[in-house]
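The structure appears below as structure tokens.
To find a chain, count down the sequence lines: A is the first, B the second, and so on, and within it residues start at 1. Source: prediction; values computed, not measured. In what follows, every heavy atom counts, from backbone to side chain, and hydrogens, waters and symmetry copies are set aside.
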Amino acid sequence: MNNRGWFRNGMLALGLAFLYIPILSMMFFSFNNSRLVTVWDAENSPTRRWYVRLLENDQLLGAAWISVQVAAMTATGAVILGTLAGLVLARFGPFRGRAFLSAMTTAPLVMPEIITGIAMLLLFVSLEQLVGWPEGRGMLTITIAHITFAMAYVTVVVQSRLAGFDEALEEAALDLGAKPATVFFRITLPLIVPALVSGWLLAFTLSWDDVVISQFVSGPGSSTLPMEIFSRVRRGVSPDINALATIMVLIVATGVVLSTLYMKREEKRRLREEQMARSGS
Amino acid sequence: MNRALATLHSLAGKRLVIGVPYVWLLLFFAIPFLIVFKISFSWMQPIQPGYAPLLAWVEETQRFVATLNFSNYQALLQDSLYLSTFLYSVKVAAISTIFCLLVGYPMAYAIARCAPSTRNLFLMLIILPFWTSFLLRVYAWIGLLKTNGVINNTLLALGVIDEPLTLLYTDFAVYIGIVYSYLPFMILPLYSNLEKHDLTLLEAASDLGASPMKAFFKVTLPLSMPGIVAGCLLVFIPAVGEFVIPSLLGRTDQLMIGTVLSAQFFGARNWPVASAVAIVLLLMLLLPILLFQRYQRRELEAAKR
Amino acid sequence: MAQKPVDRGQEYVRIEGVTKRFGDFVAVDNVSLSVFKGEIFCLLGGSGCGKTTLLRMLAGFESPTAGRILIDGQDMAGIPPYDRPVNMMFQSYALFPHMTVEKNVAFGLEQEGLSKSEIAKRVSEMLDIVKLGEFARRKPHQLSGGQRQRVALARALVKRPKLLLLDEPLGALDKKLREHTQFELINLQEQLGVTFVVVTHDQEEAMTLATRIGVMNKGQIVQVGTPTDIYEFPNSRFVADFIGSVNMFDGQLIEDEPGHVRIRCNELESTVYVSHGISAPPEAKVAVAIRPEKIEMSRTAPISNENCAQGVVKEIAYMGDLSVYLVRLESGRMVRVTIPNVERHADERIVWDETVHLSWHPSSPVVLTI
């Protein structure tokens with residue numbers, strides 16, 4: 001048994017090393033003065049040089065601003081549509097076309113992005129030909145495309161949150177005289193708020209991260225940050241990308257660590273209170 | 001409120017709630033595939049929109065004439081480039097999926113079996129990279145794998161090798177890239193399956209005389225099959241159509257289907273052929289996608305209990 | 001609990017030929033039933049017998065496939081749950097986890113659009129009645145099981161419904177608390193004059209609470225009556241077997257007079273004499289049901305050669321207040337007998353492998369034709 005414990009922990013440690021070494025090495029070399037990135041220039045390093053250069057790069061900053069806007073709109077739109085879809089699938093019982101809706105919300109989870117990208121682009125081109133909308137491609141078309149695949153993730157998150165709590169809660173509210181809309185806003189919505197928050201963040205990240213679909217549906221002047229990065233890294237490593245990566249990793253890590261700590265504290269408090277209730281005070 | 005009116009209201013409300021996401025997905029997800037399908041039977045056209053309409057008004061005969069063009073599909077069959085690209089993509093995706101399972105299973109197992117208080121910490125560590133940019137994580141491997149990259153420099157410094165190895169722009173680099181990027185997708189379904197296992201089953205097995213090894217292969221592994229299948233599908237399906245990883249880390253003499261598709265689309269601007277490639281790829285992945293959907297449905301039903 | 005007389009004059013709920021199908025499955029099969037004002041009516045049955053579906057149709061969560069439901073004379077068809085004069089206490093209690101006790105109880109009143117002060121007054125009154133005044137600011141997860149049950153009750157009762165539906169109201173409580181709560185429920189019901197319809201699978205719970213019990217099986221109501229009726233005069237093998245324990249013998253009618261019947265059972269040597277008439281065709285196949293506590297057991301043979309049997313004690317289970325004996329008759333049939341442990345010292349008690357004589361009063365057996 002002890003043997004296996006060692007084996008298990010060893011595998012876990014190796015796996016985590018595999019996950020983190022590339023990121024840490026990328027961060028480490030962002031402070032390297034050398035243009036060769038991975039060849040350490042011991043004399044002039046560490047340096048802030050690439051960070052300074054990054055902040056002067058208007059093209060990257062502009063792309064980042066576009067990405068933030070698209071991601072925020074995507075996350076909001078995806079949460080609204082995904083919540084509706086999740087609610088319908090989890091609570092509305094059987095209706096005609098339910099299976100199709102369910103299929104359309106799970107397919108984007110695994111659909112290769114390149115297929116979604118082509119399909120989206122051809123839709124926008126055909127729509128423009130037919131009805132003159134959307135005029136050209138840009139932030140609007142990127143956002144629509146992102147909402148469509150991000151809402152699938154939100155749907156799953158909302159649906160499994162709804163499946164996890166007792167349907168009797170909503171029935172109880174109906175029974176106490178609340179109309180369906182009231183039940184949704186006073187009971188269902190408050191209970192799925194955690195799912196909505198994580199759904200929003202997930203959708204934001206998916207949009208922020210996407211390069212393939214954006215490439216298809218973007219137009220001139222609407223390059224997102226990943227598109228800019230992609231076109232740079234295709235030409236090889238460049239030290240300011242390391243600096244950019246470091247900043248992004250730090251922001252995300254801080255956020256994730258803080259929210260995990262918060263959730264853990266909440267859970268602890270809750271457990272303690274439940275303990276007290278059981279011991280009958 | 002009048003009762004009939006109230007019923008009507010709630011019915012209308014229900015329709016609206018169903019209708020909004022339905023119409024959105026229909027318009028922006030289902031219909032686009034029909035359009036791709038349609039265009040795959042069209043001719044390439046140098047002017048906008050890049051493809052010829054299937055239905056054309058012919059002035060002389062005063063009739064609509066429909067022309068279906070199967071040559072895009074014929075091209076796929078005849079040109080060995082496409083066939084070898086498809087096969088290569090499936091091979092790369094399959095090998096990467098197996099590696100992913102081999103790396104992911106022990107990790108998921110270790111997390112599921114450690115103390116509940118530390119589980120969340122490890123899960124967070126697994127998910128954390130997923131929240132950071134996918135593109136940058138793939139990029140990080142360029143720095144590690146290239147000729148004067150971290151791995152080669154380390155090995156040279158340690159005297160293990162005398163000349164740098166060619167690691168970047170190989171199949172191996174693509175496998176690593178895929179395993180690295182998709183690992184959380186493998187670990188999470190495996191973990192959520194393994195975590196639910198009743199540990200007394202293993203005690204029962206050992207009580208009945210099975211060695212830990214045997215108990216694992218006879219009890220744990222069969223019970224975790226749904227998680228294995230889900231994890232593998234979550235990695236395999238997107239990996240077949242992967243585009244970013246092979247174009248950053250992969251070979252230049254053998255392309256993956258995603259790269260070919262992108263080249264046809266943006267380079268050659270042959271939208272009909274690109275559409276035909278997309279349709280074939282989709283048909284190839286249809287079965288795994290349906291399998292995945294079945295799994296997803298079961299998971300949600302199980303959560304209800 | 002002594003059975004209170006039910007005022008049969010005031011019918012409050014009327015269920016007429018109600019059927020509910022889910023696909024091919026018939027959950028409730030042509031049920032007709034009346035519940036009277038002010039009574040505690042228990043729907044009793046095993047899991048899947050349709051009792052909960054029937055309750056959910058009263059609440060308005062399911063609509064009948066056929067038949068109709070009238071509450072206070074009004075047809076409930078098409079009336080959504082939020083417009084019905086009915087409230088329900090859920091098996092899981094369904095307390096809103098994000099609201100305090102106070103808010104939970106106030107929720108229903110807020111839907112009626114009452115003033116803030118009126119709501120506050122009624123909530124605090126109700127919380128006093130269920131003795132939860134000091135817990136008003138707590139969240140459900142900070143309460144014990146019994147306290148949660150009372151919040152659920154308060155939340156339903158504060159709306160002053162004419163009819164309260166209770167789905168396994170005591171199911172989630174442990175045994176000691178359950179007994180205590182049963183009497184609290186009855187007191188509250190009498191105090192507020194609400195009609196209760198209770199669903200339960202626990203016959204003890206039904207016996208204690210109910211003024212009348214409706215026994216359900218496979219979607220149908222098989223017997224309706226007071227707890228005494230149901231226990232002492234079951235109308236079918238199913239009810240006799242389902243409620244309490246019973247010794248059931250298959251037999252044939254050999255004598256059928258208005259004042260008595262005689263039955264021969266293969267597993268009993270003597271004939272069974274029953275001191276009341278039944279309505280069955282001559283020589284019909286019937287079943288004789290005798291409750292274990294109505295059988296006398298002694299070492300000496302009885303005088304009569306009817307209503308008796310001889311056997312050997314094969315098992316004794318000491319239960320504290322009473323002991324259960326399993327006696328094997330010569331036919332091989334095992335008979336269950338319960339004897340109250342009146343005396344503290346056990347010197348005189350019958351022990352294993354003793355030969356004993358069993359007998360019963362002619363009024364004890366119940367003859368069942370279905």
Side-chain angles (χ1 to χ4, degrees), chain A residues 1 4 8-9 11-12 15-16 19 22-23 25-26 29 36-39 81 84-85 87-88 92 95 101 103-104 106-108 110 112 114-115 118-120 122-123 125-126 129 144 148 159-160 163-164 180-181 205 209 211-212 226 229-230 233-234 237 241 245 248-249 252-253 256 260 264, chain B residues 10 13 17-18 20-22 24-25 28-33 35-36 39 49 103 106-107 109-110 113 124-125 128-129 131-136 139-144 148-150 153 212 233-234 237-238 240-241 243-244 248 258 261-262 265 274 278 281-282 289 292-293 296 300 303-304:
Chain A
M1 208 62 209
R4 298 180 64 219
R8 281 194 325 233
N9 294 341
M11 285 306 284
L12 188 57
L16 288 172
L19 279 179
I23 296 176
S25 124
M26 182 166 63
F29 285 107
L36 288 170
V37 185
T38 48
V39 181
L81 287 166
L84 291 178
L87 185 75
V88 164
F92 276 27
F95 60 88
L101 182 64
M104 285 195 298
T106 46
V110 284
I114 197 135
I115 297 183
I118 287 181
M120 280 286 172
L122 294 181
L123 170 81
V125 170
S126 310
Q129 284 231 298
I144 290 176
T148 308
Q159 210 181 336
S160 52
T205 313
D209 214 20
V211 56
V212 179
I229 297 174
F230 190 52
V233 297
R234 279 180 114 161
V237 288
I241 297 295
M248 279 167 60
V249 168
V252 169
V256 172
T260 310
K264 199 157 182 174
Chain B
S10 79
V17 172
I18 298 178
V20 170
Y22 213 110
W24 181 284
L25 283 170
F28 294 118
F29 191 73
I31 291 179
F33 286 108
I35 295 176
V36 175
I39 291 173
V103 177
M107 290 178 77
Y109 188 81
R113 295 289 172 272
M124 189 197 77
L125 285 175
L128 187 63
W131 289 92
T132 66
S133 169
F134 159 73
L135 195 53
L136 290 174
Y139 162 77
W141 279 98
I142 304 180
L144 288 177
N148 58 0
V150 177
N153 286 352
L233 290 173
L234 271 172
I237 303 170
V240 173
F243 164 67
V244 171
L248 290 183
L261 216 110
S262 170
F265 211 88
L281 179 57
L282 192 62
I289 289 176
F292 173 74
Q293 293 200 327
Q296 191 79 11
L300 283 166
K304 267 200 160 162

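- Take B:Thr132 and apply the side chain to side chain donor-acceptor pair (under 3.5 Å) test, not counting sequence neighbours, and it matches no residue.
- Heavy-atom distances place the side chain of A:Ser25, and not its backbone, under 4.5 Å from chain B.
- Partners of B:Pro32 under the side chain to side chain contact (heavy atoms under 4.5 Å, CB included) rule, at least two apart in sequence or in another chain, are A:Ala119, A:Leu123.
- Looking at B:Phe265, only its side chain comes within 4.5 Å of chain A, counting heavy atoms on both sides.
- Of the two parts of A:Val211, only the side chain, counted from C-beta on, holds a non-hydrogen atom closer than 4.5 Å to a non-hydrogen atom of chain B.
- At least one donor-acceptor pair closer than 3.5 Å links the side chain of A:Ser126 to the backbone N or O of A:Leu122.
- Looking at A:Thr205, the atoms closer than 4.5 Å to chain B (heavy atoms on both sides) all sit in the side chain, from C-beta outward.
- Among B:Val240, B:Ile31, B:Leu282, the residue making the largest number of heavy-atom pairs under 4.5 Å with chain A is B:Leu282.
- Looking at B:Leu248, only its side chain comes within 4.5 Å of chain A, counting heavy atoms on both sides.
- Considering only heavy-atom pairs separated by less than 4.5 Å from chain A, the leading option among B:Phe33, B:Tyr22, B:Phe134 is B:Tyr22.
- Of all heavy-atom pairs spanning A:Pro22 and B:Ala140, the tightest one is O-CB, 3.6 Å.
- Taking chain B as the reference chain and counting heavy-atom pairs below 4.5 Å, the highest number among A:Val212, A:Val249, A:Ile241 is found for A:Ile241.
- Here the straight-line distance linking atom CD1 of B:Ile18 with atom CZ of A:Phe95 works out to 4.5 Å at 0.5 Å rounding.
- Among B:Leu233, B:Asn148, B:Ile289, the residue making the largest number of heavy-atom pairs under 4.5 Å with chain A is B:Asn148.
- Heavy-atom distances place the side chain of A:Met26, and not its backbone, under 4.5 Å from chain B.
- Residue with the most contacts toward chain A among B:Ile142, B:Asn153, B:Leu25, B:Ile35: B:Leu25 (heavy-atom pairs, distance under 4.5 Å).
- Note: A:Leu101 leads A:Ile23, A:Leu101, A:Leu84 in heavy-atom pairs under 4.5 Å with chain B.
- Listed options B:Tyr139, B:Trp141, B:Phe243 were ranked by heavy-atom pairs under 4.5 angstrom with chain A; first place goes to B:Tyr139.
- The heavy-atom pair separating A:Val256 from A:Thr260 by the smallest distance is O-OG1, 2.6 Å.
- For chain A, the nearby part of B:Phe292 is the side chain; its heavy atoms alone come within less than 4.5 Å.
- A heavy-atom distance below 4.5 Å is not found between the side chains of A:Leu12 and B:Pro106.
- Scanning both residues, B:Leu135 and A:Pro226, for their nearest heavy atoms gives CD2-O, 3.1 Å.
- Summarising the geometry of B:Ile237 relative to A:Val110, their closest heavy-atom pair is CG2-O, 3.3 Å, with the distance given to 0.1 Å.
- The nearest pair of heavy atoms linking B:Ala278 to A:Ile118 is CB-CD1, 4.4 Å.
- With a 4.5 Å cut-off on non-hydrogen atoms, B:Trp131 touches chain A through its backbone and its side chain both.
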